[in-house]
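These notes concern the structure reproduced below.
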Amino acid sequence: MADPFSLEDADEPDFARAPAPREGGIAARAQAAMRAGMGVPRYVEALNPEQRAAVEALDGPVLVLAGAGTGKTRVLTTRIAHIIATGRARAHEILAVTFTNKASREMKERIAALAGPVAEGMPWLGTFHAIGTKILRRHAELVGLKSGFTILDTDDQVRLLRQVIQSENIDDKRWTPRALAIQIDNWKNRGLEPSRVPAGEAEAFANGKGRHLYTLYQERLKILNAADFGDLLLEGLRLLREHPDILAEYQRRFRYILVDEYQDTNTVQYLWLRLLAQPSAERPQRNICCVGDDDQSIYGWRGADVDNILRFEKDFPGATVIRLERNYRSTGHILAAAAHLIAHNEGRLGKTLFTDGEEGEKPTVSGVWDSEEEARTIGEDIEQLQRKGQSLDEVAILVRASFQMREFEERFITLGLPYKVIGGPRFYERAEIRDALAYLRCVAQPADDLAFERIFNVPKRGLGDATLQILHDHARRQKIPLMQAARELIETEELKPRPRQIIRALMDDFARWSSQIDAKPHNELAEQILEESGYTDMWQKDRSADAAGRLENLKELVRSMEEFPDLGGFLEHISLVMDADNREAGERLSIMTLHAAKGLEFETVYLPGWEEGLFPHQRSLDEQGRAGLEEERRLAYVGITRARLRAKIYFATNRRIRGMWQTTIPSRFLDELPAAHVDVVEAPQGNYGGYGVSRFNSLDTFGSSYNTPGWQRAQKNRQKNGNDNSGFSERGQASWSNPSRRGGQTIEGELVAKSSVVSGFTKGVRVFHQKFGPGTVSAVDGNKLTVDFDKAGRKMVLESFVQAA
DNA sequence: CAAAGCTACCTTTTT
DNA sequence: GGTAGCTTTG
């Protein structure tokens, strides 16, 4: 696709004088209207006063503190449209950065809707990494790379580090590549090149070898013409620091800078932004606008520095600070609960959300006996809501840790409640996708040693470590890529006849594929490669449950290649922007972590597992102390504010932790909810073994709403049972394993589907289930199937969960 | 070279 | 308690 605002265009000498955008669309019309003295454009009129201020404050630094659900994205996109409409800058003179591809995609779409085709010409709207890559590619030589450098993902990174560690004769069991990768990432996040790593830290790894290994790794990357994710920003930063002329060029180019989710920026990102936002002769104003919410900073553990947002006014003196506090998402009680909770944090910039909308239902807090009952109670609750017309797409279960998901999944499978898990392994991280990509990389970039190593013996072709070692030695000696080494070695006697034969065949394959790069559409070539290499075959022969899914993924990969002009273009983008939103049909409720839920909203939100140790998570407290607790609290705040109409919080008295049943204490966050805005409800099943050591008796915060019958009964039970651990676990065991307590809930009785529905499956048909694998239908009832799974045995499942095998 | 056996993990995760 | 990743074994 031709880019109407190519970089070359931007380099025109007169670009500083911005002419009116030529495109149609609302923005252009609005601008015409403004010029004609017709007042405020409609898209601005539609905003509330604070939003409008944020859009119209165009000169100088601006910090927009946008609370949850206050129209943050709307402000960002409208602001961009406004900058263009008022002729302050053209689309290619605006730098707009986000964290995720999803966010940048959404922003692009919304700008397009607002301002018409102008948005397509926003070449500098993207993730930090995408923009970093773009800049880096243009000046790659200056940091020791070539413009076509490959971007390594975590997997490649680890394998490279293993080589580096081994080359130094360090025990890679004691000092694992993974640990070093984390350490190096951490340094890169903090903007530290090898020479700048604090001595103490540098010494910590492998008895003082840390800095050395980091240096070696960077050297190896340059030799491979590769960059890891951290480099995309750190090398970009180095580039700007060491080449003032280039920095000046970008400062001149970016007349306006906008940053989304500023509270999530880490140190490199911050330094990078600060450099670009510095005033210059041609742009005396620091037109940087950061949008964020300090209360939603939940990524401290991966390097995000809340201080960046807290420090904004110091960093950018004279900054305009605008607070968006009018919430359009949640009802009054939900907001009040969230606000009261987050008020317990110190070190906030301070915001209080409010709404003109209804008070709505109070968030509820329910105690349950154990995690099993928690899943059952929530499942039943969802079914009840569903009967009242609640769409499952509007229901989410937000957990603190992913291990909590399993119990819900199991429950929903037996209930036949369709669900989806958000945030599993990403598409491009799957082994089959990475293998396929490795083949393509070998063809497109014959010097890509890491890719070659990956597929060297995949599928199994009888090559082993010994052969690889010979290739490596030769390659190292001759300073040539592995594939070339292989080609040279098959002409010699160094290899044993058998491997020599196999490698020769493989090299012939690669030669054939390479010769067709320009002759064939790249997706067809990819298909051919996967066929001829025996890779597809390998999975077809694989009888394990997920083989079918993997083949499906490979098909999807080939399909997705169509969107790119050629193989090179495809590979260039793949590492940065590849995610498969599993857009399956049908209503499903969502299960995800609280982290994954940021930015989303649902009518009904379930928040299970509010217990000390799990939430707030013990590790967070141990490792980060007070800061950790505050981040956990922000996580709780994020969770509650995802809810539009209903927030339902649960805590279990007993939870299995590392296999051991343990009695737990309700989360301190429960104490921090305002009594007047929360209902404590009796668990539907009405079985109480006691709440354990409840912290609810701090009546000053919680007070009078705790006088429901259930609560009082719980109080009584608590006194009776005290804090006797053994007593609890005994009861736990008894009730857990006693079938009568399950209230005669046969699977049959709980399935939602009506028998009148005619199934597309019949008895005896072979089917495939994502979780249970292949099986044979043994009975059909409406859209309920009884299936004998090859591995998992007989289960009753909803027909929508299986496909014909 | 693949299956079985053993050990060390066990919060959150984007690019 | 479950599992991933590695080592041992056939």
Side-chain angles (χ1 to χ4, degrees), chain A residues 97-104 126-134 136 151-158 162 172-174 176-179 182 185-186 188-189 227-234 236 260-261 264-266 268-269 297-304 371 398-407 410 422-429 431 457-466 542 544 573-579 592-599 609 613-624 628 631-632 634-636 638-639 655-662:
Chain A
V97 278
T98 65
F99 276 83
T100 63
N101 290 309
K102 196 173 155 209
S104 80
T127 62
F128 274 101
H129 295 267
I131 306 249
T133 307
K134 192 162 179 169
L136 208 53
I151 298 166
L152 301 189
D153 57 31
T154 321
D155 236 62
D156 290 326
Q157 195 188 357
V158 167
R162 170 164 295 121
D172 66 355
K173 303 276 164 358
R174 173 79 183 80
T176 65
R178 199 160 292 277
I182 291 167
D185 260 1
N186 190 281
K188 287 183 175 176
N189 282 157
D228 64 20
F229 284 124
D231 282 342
L232 299 178
L233 295 166
L234 184 55
D260 191 17
E261 306 275 17
D264 287 338
T265 46
N266 62 32
V268 218
Q269 289 160 338
S297 162
I298 54 175
Y299 285 111
W301 51 274
R302 72 176 193 211
S371 50
L398 309 183
V399 298
R400 177 61 184 78
S402 42
F403 75 82
Q404 292 173 266
M405 292 180 177
R406 216 194 59 222
E407 212 145 11
E410 279 166 10
I422 310 283
R426 254 150 298 291
F427 187 66
Y428 68 88
E429 280 170 11
N457 196 32
V458 178
K460 303 258 183 281
R461 46 173 74 92
L463 297 173
D465 287 345
D542 191 307
S544 65
H573 288 266
I574 203 72
S575 43
L576 283 179
V577 282
M578 182 80 191
D579 48 5
M592 66 186 93
T593 63
L594 286 159
H595 284 91
K598 193 166 79 153
L614 177 58
F615 194 33
H617 200 281
Q618 193 57 47
R619 191 133 162 197
S620 189
L621 303 184
D622 291 347
E623 286 171 12
Q624 309 284 332
E631 186 155 309
E632 295 285 303
R634 290 193 290 268
L635 209 43
V638 166
R655 191 172 290 275
R656 197 167 28 188
I657 297 164
R658 269 171 263 157
M660 305 280 277
W661 280 98
Q662 285 193 289

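So you know, we letter chains A, B, ... as the sequences are listed, proteins then strands, and number each from 1.
By the criterion of a centre-to-centre distance under 5.5 Å and near-parallel planes under 30°, the ring of A/H617 forms a stack with the base of B/dT11. B/dT15 has no base stacking with the ring of A/F128 when judged by centroids under 5.5 angstrom apart and an interplanar angle below 30°.
Atom P of B/dT12 sits at a distance of 15 Å from the matching atom of C/dT3, rounded to the whole Å. Taking the C1' atom of each, C/dC6 and B/dT11 are spaced 24 Å apart, rounded to whole Å.
Protein atom CG of A/L614 is 10 Å distant from nucleotide atom P of B/dT12, rounded to whole Å. With rounding to whole Å, A/M660 atom CE is found 10 Å from C/dG1 atom C1'. Atom CZ in A/R406 sits about 16 Å away from atom C1' in B/dT11, given to the nearest Å. At whole-Å resolution of the value, CD1 in A/I182 and C1' in B/dT13 are 11 Å apart. Atom C1' of nucleotide B/dT13 and atom CG of A/N266 are separated by 13 Å, given to the nearest angstrom. Protein atom CG of A/D155 is 16 Å distant from nucleotide atom P of B/dT15, rounded to whole Å. As a whole-Å value, the separation of A/W661 CH2 from C/dG1 P is 11 Å. Across the protein-nucleic acid pair, A/R461 atom CZ and B/dA2 atom P stand 13 Å apart, rounded to whole Å.
Here the side chain of A/T593 is nearest to one of B/dT12, C/dG1, B/dT15, namely B/dT12. You'll find that the side chain of A/S402 is closest to B/dT12, out of B/dC1, B/dT12, B/dT15. Candidate nucleotides B/dT13, B/dT15, B/dT11 were compared by shortest atom distance to the side chain of A/T154, and B/dT15 ranks first. Distances were taken from every side-chain heavy atom of A/E623 (C-beta onward) to each of C/dG1, B/dT11, B/dC1; the shortest belongs to B/dT11. Residue A/W301 has its side chain nearest to B/dT12 when only C/dC6, B/dT12, B/dT15 are considered. The side chain of A/T100 has B/dT15 as its nearest neighbour among B/dT15, C/dG2, B/dT12. Looking at the side chain of A/H595, the nearest of the listed nucleotides B/dT11, C/dC6, B/dT13 is B/dT13. Comparing C/dG2, B/dT11, B/dT15 against the side chain of A/R619 picks out B/dT11 as the nearest. With C/dG1, B/dT12, B/dT14 as the choices, the nucleotide that has an atom nearest any side-chain atom of A/R302 turns out to be B/dT14. Residue A/Y299 places its side chain closer to B/dT13 than to any other of B/dT15, B/dT13, B/dC10.
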Are there any protein N/O atoms within less than 3.5 Å of an N/O atom in nucleotides 7-10 of chain C, and if so, which ones and at what distance?
residue, atom, partner, partner atom, Å
C/dT7, OP1, A/K173, NZ, 3.4

Problem - side-chain contact (heavy atoms from CB on, under 4.5 Å) between A/H595 and A/L635, worked out - result: CA-CA 7 Å; A/H595 284 91; A/L635 209 43; 3.5 Å; yes
Practice task
Test A/W301 against A/H617 for ring pair (Phe, Tyr, Trp, His ring centres under 6.0 Å), laying out the working first.
Solution key: CA-CA 13 Å; A/W301 51 274; A/H617 200 281; over 10 Å; no
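For B/dT11, the base adopts the syn conformation, since its glycosidic angle falls within 90 degrees of zero.
Among the protein residues, A/E632 comes within range of the nucleic acid bases, having at least one heavy atom under 4.0 Å from a base atom. As judged by a 4.0 angstrom heavy-atom cut-off over every strand, A/L463 is placed among residues touching the sugar-phosphate backbone only.
Not counting sequence neighbours, A/N189 has no partner by the side chain to side chain donor-acceptor pair (under 3.5 Å) test.
Of the two residues contacting DNA chain B, namely A/F403 and A/G230, the nearest-nucleotide position lying further toward the 5' end is that of A/F403.
Closest approach of A/E261 to A/F99, counting heavy atoms only: O-CE1, 3.2 Å. The minimum heavy-atom distance between A/L594 and A/V638, with the atom names listed, is O-CG1, 4.2 Å.
The partner of B/dT13, taking Watson-Crick or G-U wobble pairs whose two distances both stay under 3.5 Å, does not exist in any strand shown.
Partner A/S104 forms a side chain to side chain contact (heavy atoms under 4.5 Å, CB included) with one of A/V97, A/T98, A/I131 and no other, that one being A/T98. For the pairing with A/D264, the salt bridge (Lys or Arg N to Asp or Glu O under 4.0 Å) check across A/R302, A/R634, A/K598 returns one residue only, A/K598. Checked options A/L232, A/L233, A/D260, A/N266; the residue passing with A/F128 is A/L233 (criterion: side chain to side chain contact (heavy atoms under 4.5 Å, CB included)).
A sub-4.0 Å separation between OP1 or OP2 of B/dT14 and a side-chain N or O of A/N101 is absent.
Put simply, CG on A/L614 and CD1 on A/I657 are 7.0 Å apart, with the number rounded to the nearest 0.5 Å.
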